[in-house]
Protein chains: 2
Amino acid sequence: MSTTPARRPGGRSAKVRDAVYTAVGQLMGEGKADRITIPLLANRAGVNPTSIYRRWGDLDTLLEEVAVAALTKDGDDLPDTGSLRGDLSAWARIVIDDITQPRRTRYLRAMTSARDEVLTCPCWEQRRTQAKVMLDRARARGEQAPTEQQVLDHVIAPMYHHVVFGLAADRDYADQLVHDVITMA
Amino acid sequence: MSTTPARRPGGRSAKVRDAVYTAVGQLMGEGKADRITIPLLANRAGVNPTSIYRRWGDLDTLLEEVAVAALTKDGDDLPDTGSLRGDLSAWARIVIDDITQPRRTRYLRAMTSARDEVLTCPCWEQRRTQAKVMLDRARARGEQAPTEQQVLDHVIAPMYHHVVFGLAADRDYADQLVHDVITMA
DNA sequence: AGCTTAAAGCAAAGACTTCTGCAATAATGG
DNA sequence: CCATTATTGCAGAAGTCTTTGCTTTAAGCT
């Protein structure tokens, strides 16, 4: 990705990394999230376990890395419906649909176990950026709008909370949250 | 706990269970949350590993059980300040102080990894009950009050979310959330 | 193209975890 | 108080994960 002097991110390393990432994704998808071990992963990836031990050290580090990669790679372009409520509602639905997929849910949970006193994470920064775009547009139209932080706290956080702790979360729930945060403005 | 015909919850089993619970608490407190193993736990508890294997089967089951036990055992009596804002603010501070303790945080994270498609949990039910008491009091005084669900979604959920994902969470943050949810009513 | 060396593969040793009989202990019921 | 039997302790076996030193491969540079 950048000019690293003594590193070799070239074809071979990348190949191994991709194979391992893919293997993690597969095993997660098969519901074996909590029975993943390094030898199992290595076998699935067609890679030597030693390579994983040396590159990532332990399983948590690897899972964290894969989780962040998976959760920040969004292809969704932001909705632009002409009203803040419409935008947030559509966005919240996209997000809830995304994170309730079993594989994504497992990634989220993997993130929590690996985490220790990290003050920021690409995932939330991404959501914040997305929120900002929609809020700025709304303000430009002269609409009353909540702050970015309020959107994160009252729409994003409750949804993630529900998903991570295994509580019910669907589109109606997302709509309700958007309604509440609009009321707040 | 109940009239189980063929079980023996008598002194000895209880002793072992308590020893194991205590050992889990100790190791959690020492920051070795993710390096806990059954043999390690058994050694600390002065119990034979076999006993743990036979009673709980695997580590996740045990940790989940301990986590729920720890997180639902509150001794805090609810604040009664005379106003809803005062009550919620004091309560939110109690909660945030509680769950930001390293040991509690680890319990919370343990809960997420063990969880799979559980739709309800004693922890949230307890918070809901607490919220209901304060909201009923407020309504009896004629105050405008949000719903229980709103309190859970917009005060409790964001705090837990922050804690679980390692984001900053302090009393000022709790106050802000209470302010927002009051605005909503 | 040839050289250097970061990174992966290989294999065997070591450590740890988990399981399985059998013996010992003590909680319940008569 | 005695008999029953749920539950724990013990020890050894089996299986799995992790580490380590060395060899092989190929990316980056001149």
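Everything numeric here is computed off the predicted structure, so don't read it as measured data. Residue numbering restarts at 1 for every chain, and letters A, B, ... go by the order of the sequence lines. No hydrogens, no waters, no symmetry mates; every other heavy atom, side chains included, goes into these values.
Within the 3.5 Å criterion, the main-chain N or O of Ser51(B) finds no donor-acceptor partner in the side chain of Asn48(B). Not a single donor-acceptor pair under 3.5 Å links the side chain of Arg139(B) to the backbone N or O of Gln144(B).
Judged purely by distance below 3.5 Å, without hydrogens or angles, the side chains of Asp172(B) and Gln176(B) never pair a donor atom with an acceptor atom.
Contact between the side-chain N/O atoms of Thr37(B) and the OP1/OP2 oxygens of dT17(C) is found at a separation under 4.0 Å. The side chain of Tyr53(A) contributes an N or O atom lying less than 4.0 Å from OP1 or OP2 of dT18(D). Here Arg55(A) reaches the OP1 or OP2 of dA8(C): one of its side-chain N or O atoms lies under 4.0 Å away. The phosphate of dG9(D) has neither OP1 nor OP2 within less than 4.0 Å of any side-chain N or O from Thr50(B).
Between Asn48(B) and Arg54(A), it is Asn48(B) whose nearest contact on DNA chain D lies nearer the 5' terminus.
Of the listed nucleotides (dC22(C), dC19(C), dG9(C)), dG9(C) has the atom at the smallest distance from the side chain of Arg12(A). Residue Ile38(A) has its side chain nearest to dT18(D) when only dA8(C), dT18(C), dT18(D) are considered.
Contact annotation for Ser51(A): backbone-only contact, meaning every heavy-atom pair under 4.0 Å involves sugar-phosphate atoms and none involves a base.
Taking five base pairs at each end of the helix from dA1(C)-dT30(D) to dG30(C)-dC1(D) and finding the rotation axis that steps the C1' atoms of four pairs onto the next four gives two axes whose angle is 50°, to the nearest 10°.
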